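Since this is a predicted model, take the numbers as computed values, not measurements.
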Amino acid sequence: QVQLVESGGGLVQPGGSLRLSCAFSGAMFGIYNMGWYRQAPGKQRELVARITPGGTTNYADSVKGRFTISRDNVKNTVHLQMNSLKPEDTAVYYCEDGLNDWGQGTQVTVSS
């Protein structure tokens, strides 16, 4: 059974950076399309970024040029480097494996 555990969230000032991590276990990580999603209060969950097993990436327009998704197929982890953070990036961020398995989420708050 796949397990996903996110970490790295926190409180950061506008313009700051955070790096989220997602630890994957329970299956062969290298074959999964991995994604980061987020859900802000009162809003629907939305895709932030996705990465294929081969490293092809795609991003939501709202984060292009600021966020970078990466994966380590040896350590079974996926990361989301978030730079130039804005208050509207405040949300719970979730890791997902392309097959509807989700982590518990990690809170990111961007505020001065």
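- Judged as a salt bridge (Lys or Arg N to Asp or Glu O under 4.0 Å), not a single pair has a partner in residues 94-112 (not counting sequence neighbours).
- Going from atom CD of Gln81 over to atom OG of Ser70 covers 8.5 Å, rounded to the nearest 0.5 Å.
- When every heavy atom of Asp72 is checked against every heavy atom of Lys75, the shortest pair comes out as OD1-N, 3.0 Å.
- Among residues two or more places apart in sequence or in another chain, the side chain to side chain donor-acceptor pair (under 3.5 Å) test is passed with Ser62 by Arg38.
- Residues satisfying the side chain to side chain donor-acceptor pair (under 3.5 Å) criterion with Lys64, sequence neighbours excluded, are Asp61.
- By the salt bridge (Lys or Arg N to Asp or Glu O under 4.0 Å) test, Arg45 is found to be paired with no residue, residues two or more places apart in sequence or in another chain being considered.
- Of all non-hydrogen atoms in Ala91 and Gln107, the two that sit nearest each other are O-NE2, 3.4 Å.
- Here ring-ring contact (aromatic ring centres under 6.0 Å, His included) pairs that include residues 55-79, with residues two or more places apart or in two chains, number zero.
- For Arg66 (side chain) and Ser84 (main-chain N/O), a donor-acceptor pair under 3.5 Å exists by modelled atom type.
- More than 12 heavy atoms of other residues, nucleotides or ligands lie within 6.0 Å of CD in Glu88, so this atom counts as buried by the packing criterion.
- Linking Ile, Leu, Val, Met, Phe, Trp and Tyr residues whenever their side-chain heavy atoms come within less than 4.5 Å leaves Val74 and Ile51 in two separate clusters.
- Side chains of Asn33 and Thr52: no donor on one and acceptor on the other come within 3.5 Å.
- Partners of Thr68 according to the side chain to side chain donor-acceptor pair (under 3.5 Å) rule, which considers only residues two or more places apart in sequence or in another chain, do not exist here.
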Expected list for residues 4-15: side-chain donor-acceptor pairs under 3.5 angstrom, two or more places apart:
| residue | atom | partner | partner atom | Å |
| --- | --- | --- | --- | --- |
| Glu6 | OE1 | Gln104 | N | 3.0 |
| Glu6 | OE1 | Gly105 | N | 2.9 |
| Glu6 | OE2 | Cys95 | N | 2.8 |
| Glu6 | OE2 | Gly105 | N | 3.4 |

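- Contact of the Thr77 side chain with the Ser21 side chain is not registered, since no non-hydrogen atoms from C-beta on lie closer than 4.5 Å.
- In this structure, Trp36 and Val78 approach most closely via the heavy-atom pair CZ2-O, 3.7 Å.
- Residues passing the side chain to side chain donor-acceptor pair (under 3.5 Å) test with Asn73 are Arg71, sequence neighbours excluded.
- More than 12 heavy atoms of other residues, nucleotides or ligands lie within 6.0 Å of CD in Gln39, so this atom counts as buried by the packing criterion.
- In this view, Tyr93 satisfies the ring pair (Phe, Tyr, Trp, His ring centres under 6.0 Å) rule with no residue, not counting sequence neighbours.
- Rounded to the nearest 0.5 angstrom, Asn76 CG and Met34 CE are separated by 9.5 Å.
- Minimum interatomic distance between Asp89 and Val110 (heavy atoms only, all atoms of both residues): CB-CG2, 4.3 Å.
- The stretch residues 6-30 participates, sequence neighbours left out, in these ring-ring contact (aromatic ring centres under 6.0 Å, His included) pairs: Phe24-Phe29, Phe24-Tyr32.
- The hydrophobic cluster around Tyr37 extends to Leu47, Val92, Tyr94, Trp102, counting ILVMFWY residues whose side-chain heavy atoms fall within less than 4.5 Å of a member.
- Here the rule is side-chain contact (heavy atoms from CB on, under 4.5 Å) with Leu18, and of Thr109, Leu85, Thr106 only Leu85 fits it.
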Could you walk me through whether Met82 and Leu20 pass the side-chain contact (heavy atoms from CB on, under 4.5 Å) test, one step at a time?
CA-CA 8 Å; Met82 306 187 294; Leu20 306 184; 3.7 Å; yes
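- Sorted by first and then second residue, the disulfide bond (SG atoms under 2.5 Å apart) pairs with a member in residues 38-71 form an empty list; sequence neighbours excluded.
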